[in-house]
Amino acid sequence: MPTIAIISQKGGAGKTTLALHLAAAAEDAGHTALVIDLDPQATASQWAAWRKDAPPLVIDSAPPRLAAKIEQATSQGANFIVIDTPPHADSAASAAVEAADLVLIPCRPSAFDLAAVQTTASLVKMRGKPAFVIFTAGSPTAPRMYDEAAQVVQGYGLEACTHIIADRAAFRHAAAEGKTAMEIEPNGKAAEEVRELYKWACQHVNMQALKKRRNAA
């Protein structure tokens, strides 16, 4: 049962979008996914309310209760857990890293955002957890920009994920409707990027990407 923490000390990096879409991709693949929302702004929880609690399930938690919430969710059948964290919150980030099997650090490929990665890099290295930077909200057609950003990340002792989540209208439109990019544009580029990232994440937590699909209701 893998637990993936989405962490960034910089606001606007796309943490919640990434968390919700990874969990939704796991559900689409036949797993029972859960998002644990540590952010007091409760953006993920609001999204879940908009979709009338259709999966993936989203629950909130205070950082000190995180381990207990994960244990309870596991006992109830969750087998893919994603933790969404707030920016500028060391206690939440520390708790999430401690609980995670894999840490993903979303980052826009800009100088200010890249500089902010250093704080998170120090945290994950201190805990000894596997972590990757994933570039988000950038141009889908700027490979050189991502190559240069990956070099900066390597200077912090981290590796960049080989997949990106680009700035695409499908993510914004889906969020406004309480949906995912896979639901509104199942064959679109945004959906494809999410599915590829999900499969990549499964490989890094030694989890089979696909399960036998549930029978349709």
Side-chain angles (χ1 to χ4, degrees), residues 2-23 34-50 56 58-70 73 81-138 145-146 148-161 164-167 171-172 174-176 194 197 201:
T3 298
I4 299 174
I6 312 296
I7 294 172
S8 172
Q9 295 299 311
K10 187 84 165 55
K15 290 188 295 295
T16 300
T17 296
L18 180 59
L20 295 173
H21 277 78
L22 271 179
L34 171 70
V35 176
I36 301 181
D37 187 0
L38 297 187
D39 191 342
Q41 292 186 1
T43 304
S45 298
Q46 178 62 70
W47 176 86
W50 286 342
V58 178
I59 63 172
D60 60 10
S61 177
R65 293 286 299 154
L66 179 58
K69 289 285 183 83
I70 291 174
I81 294 177
V82 186
I83 306 170
D84 185 25
T85 62
H88 314 300
D90 291 340
S91 62
S94 296
V97 171
E98 189 67 33
D101 301 300
L102 175 68
V103 177
L104 295 182
I105 306 168
C107 176
R108 291 177 295 192
S110 69
F112 290 123
D113 291 75
L114 287 164
V117 168
Q118 293 183 75
T119 303
T120 310
S122 299
L123 175 62
V124 296
K125 285 191 286 186
M126 188 167 53
R127 294 288 194 279
K129 293 299 179 80
F132 293 84
V133 172
I134 171 167
F135 295 123
T136 57
M145 177 180 66
Y146 292 112
E148 292 174 350
Q151 292 175 17
V152 174
V153 164
Q154 288 173 349
Y156 303 151
L158 292 173
E159 291 296 323
C161 174
I164 67 167
I165 299 296
D167 181 18
F171 291 117
R172 295 187 292 276
V194 171
L197 176 63

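Because the structure is predicted, anything quoted here is derived from the model rather than measured.
For the atom pair CD1 (I7) and CD1 (I83), the distance works out to 7.5 Å, reported to the nearest 0.5 Å. For the atom pair K15 NZ and T43 OG1, the distance stands at 9.5 Å (nearest 0.5 Å). Between I134 atom CD1 and L197 atom CG the span is 4.0 Å, to the nearest 0.5 Å.
Contacts of A166 classified as side chain to side chain contact (heavy atoms under 4.5 Å, CB included), with partners at least two apart in sequence or in another chain: P140, I164, R168, E193. Among residues two or more places apart in sequence or in another chain, the side-chain hydrogen bond (donor to acceptor under 3.5 Å, both in side chains) test is passed with T3 by none. Taking T17 as the reference, H21, F171 meet the side chain to side chain contact (heavy atoms under 4.5 Å, CB included) condition, with sequence neighbours excluded. Take P86 and apply the side chain to side chain contact (heavy atoms under 4.5 Å, CB included) test, not counting sequence neighbours, and it matches L38, D39, P40, A89, A92. Every residue two or more places apart in sequence or in another chain was checked for a side-chain hydrogen bond (donor to acceptor under 3.5 Å, both in side chains) with Q41, and none qualifies. Scanning for side-chain hydrogen bond (donor to acceptor under 3.5 Å, both in side chains) contacts around Q46 gives an empty result, with sequence neighbours left out. By the salt bridge (Lys or Arg N to Asp or Glu O under 4.0 Å) test, D167 pairs with R172, sequence neighbours left out. Under the ring-ring contact (aromatic ring centres under 6.0 Å, His included) criterion, Y156 pairs with no residue, sequence neighbours left out. T136 meets the side-chain hydrogen bond (donor to acceptor under 3.5 Å, both in side chains) test with no other residue; sequence neighbours excluded.
Only one option out of D37, V194, V58 pairs with L20 in a side chain to side chain contact (heavy atoms under 4.5 Å, CB included); it is V58.
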Distance-only donor-acceptor hits, side chain of residues 102-110, under 3.5 Å, sequence neighbours excluded:
| unit_1 | atom_1 | unit_2 | atom_2 | d |
| --- | --- | --- | --- | --- |
| R108 | NE | D113 | OD2 | 3.0 |
| R108 | NH2 | D113 | OD2 | 3.2 |
| S110 | OG | D113 | OD1 | 2.6 |

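I70 and A99 get closest at one heavy-atom pair: CD1-CB, 3.6 Å.
Applying the side chain to side chain donor-acceptor pair (under 3.5 Å) test to every pair with at least one member in residues 84-94, sequence neighbours left out, gives these pairs: T16-D84. Listed by first then second residue, pairs satisfying salt bridge (Lys or Arg N to Asp or Glu O under 4.0 Å) with a partner in residues 92-102 read E98-R127, not counting sequence neighbours.
Side-chain contact, S45 with D60: no donor N or O sits under 3.5 Å from an acceptor N or O.
K69 places no side-chain N or O within donor-acceptor distance of the main-chain N or O of I36, the cut-off being under 3.5 Å.
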